[in-house]
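Chain letters run A, B, ... following the sequence lines, proteins first, then strands; residues in each count from 1. FYI, side chains are in, hydrogens and waters are out, and symmetry mates aren't considered; it's all heavy atoms of this structure.
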Amino acid sequence: QWDEPRVCSRRYLKVDFADIGWNEWIISPKSFDAYYCAGACEFPMPKIVRPSNHATIQSIVRAVGIVPGIPEPCCVPDKMNSLGVLFLDENRNVVLKVYPNMSVETCACR
Amino acid sequence: SHKTLAQSPWSAAIDGLVADKDPQRSQGDPAATTSLGPGGDQDMVAVHMLRLYEKYSRRGARPGGGNTVRSFRARQEMVNQKAVYFFNLTSMQDSEMILTATFHFYSEPRWPRAREAPCKQRAKNASCRLLPPGPPSRQHLLFRSLSQNTASQGLLRGAMALVPPPRGLWQAKDISPIVKAARQDGELLLSAQLDSGEKGLGVPRASLLAPYILIYANDLAISEPNSVAVTLQRYDPFQTGDPESGAAPNNSADPRVRRATQASGPLQNNELPGLDERPAHAPHPHHYHKHELWPNPFRALKPRPGRKDRRKKAQEVFLGSSPVLDFDEKTMQKARKK
């Protein structure tokens, strides 16, 4: 964690279903790389954080300081990937579902 | 990024699959015939579902063009000496739009018994000739649907003639209209009867050969916020349910080591609880610096021990050093002077 950049970026997170108590009915995968977003979205924001126009203006308003109480934009997932999960339903039949937005591909300031 | 399968009854069956590299199975449509015969003794539902999962995980091929595949196992009962298979489809969600439904069954050629030609009286002792068996008997698939707990046989939804296969193999039939119509009428209990027209032949099959149904669907609610919790966040139905355990309702049976620690009682200092036990063999307990436990790139300056302590330490080090090095008194005095 010590050498992660301060600016908004994707951070590594592996989610183990056993940690959240779902492993009894999830057959596969046992764990997956979910990632998460964290970091600053301060003015001036570099292009790498892909700010929306609104986020850019919000950061300027905050930097100028005339309007009090405006927070900096948030570092949130931008592009995300789906994940197929094989699990047992209540009747112990095997079900396959493809859940969208399960792992982070890119982060952005919004 | 996917790890090995959870240790569950399925993993044994599915492991069998992973080890078995049947080239034929890895090709073509899963709903097509496969050549696994009874000798394969694998749980076909598990094998089929795992194959769909791997296909999606590796190549992103959406199963049946949708985002959900539900498998339904058969419950086998004998009705009028015939095996009837019941499928409980109630676990299907309202938001799941059925795309296709397939019925998978294992069939073998069924040869009728050889027919005996009537023996003429006069030629009684002549061996009676047996007529060659006729063509393999045709099989029919009959589907009925019923709502829960109705006693009737249910409404006939479809009948299919089956072409007897040259040898035993798994076949698949598209039963989408049957399942869609039954669901529309709210009759989510489906029965399937493999009827070959001959009595007594409906001998129950081993469960591994029991037919199964796959329903490919598109779940419209899967893009809703929190959809993963709607289907996967459950309260552990297998737990004994002892409220005393204080565990979170959907906690897994095997307690995992928490990565964070709970402060037991008011915080007195910033030390992590449970870390102040010193190893018994530590020589100078009061010199035992806790921060030496954490590898820290910045070494703190250690306070210099007093002159006497230094000399004593040197001797201890000396006494404790290897027995090989020892000096005579004169050398020692010189060294001390120095």
Side-chain angles (χ1 to χ4, degrees), chain A residues 1-4 9-38 74-108 110, chain B residues 1-11 14 43 45-46 48-50 52-57 60 62-63 66-73 88 90-92 212-214 216 219 222-223 225 227-228 231-239 247-254 256 258-259 297:
Chain A
Q1 279 178 338
W2 310 116
D3 56 3
E4 286 180 350
S9 61
R10 183 178 79 158
R11 314 303 166 95
Y12 182 68
L13 169 67
K14 176 188 280 292
V15 171
D16 189 322
F17 283 120
D19 284 348
I20 55 177
W22 291 5
N23 56 310
E24 236 122 308
W25 42 84
I26 288 184
I27 301 172
S28 190
K30 193 167 173 303
S31 64
F32 73 102
D33 296 335
Y35 300 94
Y36 68 95
C37 298
C74 302
C75 178
V76 293
D78 183 24
K79 277 208 207 80
M80 301 190 73
N81 296 322
S82 302
L83 177 72
V85 179
L86 199 65
F87 62 92
L88 293 171
D89 68 7
E90 300 80 14
N91 301 331
R92 292 185 69 83
N93 284 316
V94 180
V95 180
L96 169 62
K97 268 191 181 290
V98 176
Y99 292 98
N101 307 327
M102 287 284 276
S103 74
V104 176
E105 192 174 325
T106 60
C107 299
R110 289 285 181 274
Chain B
S1 65
H2 304 307
K3 283 296 168 213
T4 55
L5 296 175
Q7 290 312 312
S8 67
W10 300 106
S11 52
I14 292 172
D43 184 347
V45 176
H48 203 150
M49 289 301 284
L50 175 72
L52 292 173
Y53 167 78
E54 289 197 346
K55 221 174 170 187
Y56 171 74
S57 302
R62 282 181 174 268
N67 56 30
T68 299
V69 184
R70 284 192 179 275
S71 67
F72 298 91
R73 290 177 168 283
N88 175 3
T90 51
S91 55
M92 258 194 311
Y212 60 93
I213 288 179
L214 290 189
Y216 299 83
D219 185 354
I222 211 164
S223 306
S227 63
V228 66
T231 39
L232 292 179
Q233 173 119 14
R234 294 195 217 144
Y235 299 96
D236 188 350
F238 308 115
Q239 205 163 7
N250 65 347
N251 221 351
S252 74
D254 60 339
R256 291 189 64 97
R258 285 185 60 83
R259 293 202 192 135

N/O donor-acceptor pairs under 3.5 Å from side chains in residues 74-81 of chain A, not counting sequence neighbours:
| residue | atom | partner | partner atom | Å |
| --- | --- | --- | --- | --- |
| A:Asp78 | OD1 | A:Arg110 | NH2 | 3.4 |
| A:Asp78 | OD2 | A:Arg50 | NE | 3.4 |

| task | Examine whether an atom of A:Ser103 lies under 4.5 Å from a heavy atom of chain B, and if so say whether it belongs to the side chain, the backbone or both; otherwise answer neither. | result | neither
| Roughly how far apart are A:Glu24 CD and A:Leu88 CG, rounded to 0.5 Å? | 10.5 Å
| message | At a 4.5 Å cut-off on heavy atoms, which part of A:Tyr99 comes close to chain B: side chain, backbone, both, or neither? | response | both
| field | Contact origin within B:Tyr56 toward chain A - heavy atom pairs under 4.5 Å | value | side chain
| query | Can you name the nearest heavy-atom pair linking B:Asn88 to A:Asn91, along with the distance? | reply | ND2-ND2, 3.9 Å
| said: Test of understanding: with ring pair (Phe, Tyr, Trp, His ring centres under 6.0 Å), list the residues that count as partners of A:Phe17, not counting sequence neighbours. | reply: A:Phe32
